[in-house]
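For reference, the structure discussed in these notes is given below.
In what follows, every chain begins at residue 1, and chains take the letters A, B, ... in the order their sequences are listed. All figures in this text were calculated on a predicted structure; none of them were measured in a lab.
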Number of protein chains: 2
Amino acid sequence: MKSEKISELTTKRLSVYLRCLQTLDRNGIHTISSRSMADQFHLNSAQIRKDLAYFGEFGVRGVGYQVSHLAQHLTKILGLNQEHRVIICGAGNLGRALCDYAGFNTEGFRIVALFDQDPKKIGGTSRSGVPVHDIKKLKQIVRREGVDIVVITVPADAAQKVVDLVCETGVKAILNFAPVRLRVNTNVKLKTVDLKVSLESLSYYLSNPSLPAAVNPPE
Amino acid sequence: MKSEKISELTTKRLSVYLRCLQTLDRNGIHTISSRSMADQFHLNSAQIRKDLAYFGEFGVRGVGYQVSHLAQHLTKILGLNQEHRVIICGAGNLGRALCDYAGFNTEGFRIVALFDQDPKKIGGTSRSGVPVHDIKKLKQIVRREGVDIVVITVPADAAQKVVDLVCETGVKAILNFAPVRLRVNTNVKLKTVDLKVSLESLSYYLSNPSLPAAVNPPE
DNA sequence: AATTGTGAATTCCTTCACAGCC
DNA sequence: GGCTGTGAAGGAATTCACAATT
């Protein structure tokens, strides 16, 4: 276990590895080598080993990794052994959908509230029953509910203002879906998922099909 | 203009640059240098110049870039001057939300249909009126509507099967939201947006806050 | 004087290849 | 014999820094 800084690419892959291991576990596989895991899930075996090596020695030479054991370690490393409490700012289509989306309400994460500024939305709930609060109550509810992750699904032109509010509450992790580059203090972790950019870069490849697409792009 | 292969990172940034230019244009800015664009939108000026240089010489030394002119070029390069017709496979929460999401129904893209296999969903429409069809009609409707981009929002365990169906229709660009690594022919461009991975890597940073977050992570 | 476009330098990431261990 | 863990090699992306240009 070294204490180098871990790249974002590595952490994303850890999360992928964990999911692979969970699949293997469900299929009753108890032991796996980096090679056969790579083959099965279209990964690179050296990279798996290198990524894991940042955090310790989890394998047995000549044998491989014990699936459940490694999964447990990754769960711990990713901080998924404790529950994260999540809120979503912006109760529009995307916000409400994410709120009810199975992939978001999964082990380790619980969505506890939606926020909006529209009086017509405030007081209501999502389909699954998550309440919509006035954005003015943000700080209060973040405190009360012990929120540690905030998802931003407000329109682009409101996003920076909302992010500033969020930072004031002391929350340290933000997942932004608004198509803007936001500014936060360096002690806050901001990730932006820009759906428009994803679509547009597909469009680029349609216009430039001469170049065969990369075989297996990261993420 | 060189004919090297353009990296995915570059194409994503082009899309960001275009948005920045559109903002500048709305604000009545006609000319901008890479430096001031970088400052304003938290980018790197050398990178802007280098990215653009793959496609031509769009600037004037000593002056900068003409906003509308460069925007036009980027629109063309990204293939956004022609409309793309998009369908979404999977009419669950996420699929329906994306269907009505403003950021998706934007210049250059039109969502023409949803698909599902659930008889209860087939025949209905999204809130904004996009029809939900039986997945069995996929090929037929792709042909009829001239669809060139497919979005996948089905559950993980159905995703590979749906992607195979999509590939059979001849569509060459797929945006996948299912949390699995999918396999396609190299002549098809597949991009995966893995929302769970994004959340989990935030969780990692919460558990390992010792390391100050990178100042401005890519995308 | 200012800013582009771009080789060179640097940093970061991936893959190779093998010593070390089971 | 087989597989891990890792130093070294190779490749890619970013940033620097400046000659070229208006």
Side-chain angles (χ1 to χ4, degrees), chain A residues 1-14 16-17 21 24 29-67 69-70 73-74 181 201 211 214-219, chain B residues 1-14 16-17 21 24 29-67 69-70 73-74 201 211 213-219:
Chain A
M1 165 90 180
K2 356 258 169 83
S3 67
E4 304 171 43
K5 57 247 168 262
I6 305 302
S7 96
E8 178 115 9
L9 295 167
T10 296
T11 66
K12 281 180 173 181
R13 283 191 299 261
L14 292 181
V16 170
Y17 302 155
L21 291 166
L24 291 168
I29 312 290
H30 294 120
T31 294
I32 193 145
S33 69
S34 59
R35 172 74 114 79
S36 72
M37 191 163 141
D39 290 350
Q40 216 171 322
F41 299 101
H42 323 138
L43 307 165
N44 176 296
S45 67
Q47 190 157 65
I48 295 173
R49 297 198 298 278
K50 190 139 263 193
D51 285 336
L52 296 177
Y54 290 116
F55 299 94
E57 307 203 352
F58 304 117
V60 179
R61 289 168 199 230
V63 178
Y65 302 89
Q66 200 197 313
V67 172
H69 181 240
L70 183 53
H73 271 290
L74 290 182
R181 306 211 24 119
S201 85
L211 336 159
V215 178
N216 241 325
E219 207 222 22
Chain B
M1 167 91 181
K2 353 260 170 79
S3 69
E4 304 170 41
K5 57 251 169 257
I6 305 301
S7 95
E8 177 115 10
L9 295 168
T10 295
T11 66
K12 281 182 176 180
R13 281 191 301 259
L14 292 180
V16 171
Y17 301 155
L21 292 166
L24 291 168
I29 312 288
H30 294 119
T31 294
I32 193 146
S33 70
S34 59
R35 172 73 112 79
S36 73
M37 191 163 141
D39 289 350
Q40 216 173 317
F41 298 102
H42 324 138
L43 307 164
N44 175 297
S45 67
Q47 190 157 65
I48 294 173
R49 296 198 300 277
K50 191 140 261 193
D51 285 336
L52 295 177
Y54 289 117
F55 299 94
E57 307 202 352
F58 304 116
V60 178
R61 289 170 197 230
V63 178
Y65 302 89
Q66 199 196 312
V67 173
H69 181 242
L70 183 54
H73 270 290
L74 290 182
S201 84
L211 336 160
V215 178
N216 242 324
E219 206 225 25

Report the distance from atom CZ of B:Arg49 to atom CG of B:Asn44, rounding to the nearest 0.5 Å.
8.0 Å
Can you list everything that forms a salt bridge (Lys or Arg N to Asp or Glu O under 4.0 Å) with B:Arg61? Sequence neighbours excluded, please.
none
Distance check needed: C:dA2 P versus B:Ile32 CD1, whole Å only.
17 Å
Spacing of B:Leu9 atom CG relative to C:dC13 atom P, expressed in whole Å
11 Å
If you look at every strand shown and take non-hydrogen atoms under 4.0 Å, does A:Thr10 touch a base, only sugar-phosphate, or nothing?
nothing
Distance, rounded to the nearest Å, where B:Ile48 contributes CD1 and D:dT14 contributes C1'
13 Å
Taken to the nearest whole Å, CD/B:Glu8 to P/D:dT14 is 12 Å
Of the listed C:dT15, C:dG5, C:dG20, the closest approach to the A:Asn44 side chain comes from C:dT15
Figure out the CD/P separation between B:Gln47 and D:dA12, and round it to whole Å.
17 Å
More 5' along DNA chain C: A:Val63 or B:Leu52, using each one's nearest nucleotide?
B:Leu52
For atom CG of A:Asp51 and atom P of D:dT4, their distance in whole Å:
14 Å
Just how far is it from atom CG of A:Leu70 to atom OH of A:Tyr17, taken to the nearest 0.5 Å?
10.5 Å
Passing option when B:Asp39 is tested against B:His42, B:Arg35, B:Met37 for side chain to side chain contact (heavy atoms under 4.5 Å, CB included):
B:Arg35
Considering only side-chain heavy atoms of A:Arg49, which listed nucleotide, D:dT15, C:dC18, C:dC21, is closest?
C:dC18
Between CZ of A:Arg35 and P of C:dT15 the distance, given in whole Å, is 14 Å
Could you tell me whether B:Ser45 contacts a base, only the sugar-phosphate backbone, or nothing, with contacts defined as non-hydrogen atoms closer than 4.0 Å?
nothing
Side chain of B:Arg61 only, please: which of D:dA17, D:dA20, D:dT14 is the nearest?
D:dA20
Could you tell me whether the phosphate oxygens of C:dG5, OP1 or OP2, come under 4.0 Å of any side-chain nitrogen or oxygen in B:Tyr65?
yes
Measure the distance from CD on B:Glu57 to P on C:dG5 and round it to the nearest whole Å.
5 Å
Which nucleotide sits closest to the side chain of B:Lys50: C:dT6, C:dT15, D:dA13?
C:dT6
dist B:His73:NE2 -> B:Leu14:CG (nearest 0.5 Å) comes out at 13.0 Å
Phosphate contact (D:dT14 OP1 or OP2) by B:Arg13 side-chain N/O below 4.0 Å:
yes
